[in-house]
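Hydrogens, waters and symmetry mates are skipped; everything else that's a heavy atom, side chains included, is used.
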Amino acid sequence: VQLAESGGGLVQTGESLRLSCVASGITHDYYSIGWFRQAPGKEREGVSCISSSGRSTNYADSVKGRFTISRDNAKNTVYLQMNSLKPEDTAVYYCAARSPVCSWSNVSYQYWGQGTQVTVSS
């Protein structure tokens, strides 16, 4: 099983990025996919999650209205569109998979990617 994130980078405040998470080795549409992030010296926190069907999405209060999660099960891919980025969004972003439903508990996720760095300069 492998989850691979991509799309991170260095942007300025107010700009956008789209992260992708490609899964292999799992039946993608059985799993809910969450995005988490971890800034230096801080605990890993949940950002967003999408259900296996894509019909249910959840967002942390800090990103509501700015981030949008979506998935394309035909491509085994989940996206995180991040708009109006702020310096406090700087972190390593991870995607993770769990079955069957979303959870904010990172320890409940079965599979994790290696992470992609997002840096937002002021």
Side-chain angles (χ1 to χ4, degrees):
V1 176
Q2 186 175 19
L3 299 179
E5 304 94 339
S6 63
L10 171 64
V11 296
Q12 295 186 338
T13 298
E15 294 185 339
S16 299
L17 283 172
R18 188 176 80 157
L19 305 184
S20 298
C21 171
V22 180
S24 58
I26 60 173
T27 305
H28 194 249
D29 54 3
Y30 287 178
Y31 288 83
S32 295
I33 303 293
W35 283 98
F36 293 80
R37 66 187 181 187
Q38 189 165 20
K42 295 188 177 180
E43 293 187 353
R44 192 170 295 188
E45 63 174 355
V47 174
S48 184
C49 186
I50 188 165
S51 64
S52 55
S53 67
R55 287 193 289 268
S56 176
T57 58
N58 300 282
Y59 297 94
D61 287 343
S62 58
V63 306
K64 256 177 211 174
R66 300 188 297 122
F67 290 11
T68 303
I69 192 170
S70 61
R71 68 189 296 159
D72 184 341
N73 284 342
K75 295 183 179 179
N76 286 359
T77 302
V78 171
Y79 304 98
L80 186 68
Q81 178 67 42
M82 307 188 296
N83 297 331
S84 302
L85 283 162
K86 304 175 181 179
E88 50 264 45
D89 294 318
T90 295
V92 177
Y93 283 70
Y94 300 89
C95 64
R98 76 182 304 275
S99 183
V101 299
C102 282
S103 170
W104 289 117
S105 169
N106 57 16
V107 298
S108 70
Y109 282 75
Q110 296 157 273
Y111 306 109
W112 287 84
Q114 293 300 306
T116 185
Q117 177 71 47
V118 171
T119 304
V120 185
S121 64
S122 57

So, Asp89 and Lys86, do they make that salt bridge, N to O below 4.0 Å?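 Salt bridge flag = no for Lys86 with Asp89.
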
Is [Y] reachable from [X] through a run of I, L, V, M, F, W or Y residues, each pair having side-chain heavy atoms under 4.5 Å apart?
| X | Y | answer |
| --- | --- | --- |
| Tyr59 | Val47 | yes |
| Val118 | Leu10 | no |
| Tyr30 | Val101 | no |
| Val120 | Tyr94 | no |
| Val63 | Val11 | yes |

Please confirm whether the backbone N or O of [Y] pairs with a side-chain atom of [X], one donor and one acceptor, at under 3.5 Å?
| X | Y | result |
| --- | --- | --- |
| Ser48 | Ile69 | no |
| Ser53 | Ser51 | no |
| Glu5 | Thr116 | no |
| Gln38 | Tyr93 | no |

State, with a plain yes or no, whether a side-chain heavy atom of [X] is found less than 4.5 Å away from one of [Y].
| X | Y | answer |
| --- | --- | --- |
| Trp35 | Cys21 | yes |
| Ser62 | Arg37 | yes |
| Leu85 | Thr13 | no |

Smallest separation among heavy atoms of [X] and [Y], with atom names:
| X | Y | result |
| --- | --- | --- |
| Ile26 | Ala97 | CD1-CB, 4.3 Å |
| Ala60 | Gly46 | CB-O, 3.5 Å |
| Lys64 | Asp61 | NZ-OD1, 3.2 Å |
| Ser56 | Asn58 | OG-ND2, 4.3 Å |
| Cys95 | Leu3 | O-CD1, 3.8 Å |
| Ala91 | Ala39 | CB-N, 3.8 Å |

State the [atom1]-[atom2] distance between [X] and [Y], to the nearest 0.5 angstrom.
| X | Y | atom1 | atom2 | answer |
| --- | --- | --- | --- | --- |
| Arg44 | Asn106 | CZ | CG | 6.5 Å |
| Ser24 | Gln2 | OG | CD | 4.5 Å |
| Asn83 | Ser16 | CG | OG | 3.5 Å |

For Tyr79, is the NZ or CZ atom of Arg71 found under 6.0 angstrom from the centre of its six-membered ring and inside 45 degrees of the ring axis?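 So Arg71 doesn't make the cation-pi contact.
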
Cation over ring face, Arg98 and Tyr109, 6.0 Å, 45°: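 Yes, a cation-pi geometry.
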
Run the side chain to side chain contact (heavy atoms under 4.5 Å, CB included) check on Leu80 and Phe67 step by step: do they pass? CA-CA 7 Å; Leu80 186 68; Phe67 290 11; 4.2 Å; yes

Among side-chain atoms of Ser52 and Asp29, is any donor-acceptor pair under 3.5 angstrom?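 Looking only at side-chain atoms, Asp29 and Ser52 do not form any donor-acceptor pair under 3.5 Å.
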
Flag for Thr119-Gln117: side-chain donor and acceptor within less than 3.5 Å: yes

Go through the steps to decide whether Ser99 and Gln110 satisfy the test side chain to side chain contact (heavy atoms under 4.5 Å, CB included), and finish with yes or no. CA-CA 8 Å; Ser99 183; Gln110 296 157 273; 4.0 Å; yes

Decide yes or no on side chain to side chain contact (heavy atoms under 4.5 Å, CB included) for Met82 and Leu19, but give the supporting numbers first. CA-CA 8 Å; Met82 307 188 296; Leu19 305 184; 3.7 Å; yes

Are there more than 12 heavy atoms of other residues, nucleotides or ligands under 6.0 Å from atom CD of Glu45? yes

So, for Trp112 and Phe36, is the gap between ring centers shorter than 6.0 Å?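 When the ring centroids of Trp112 and Phe36 are compared, they turn out to be within the sub-6.0 Å range.
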
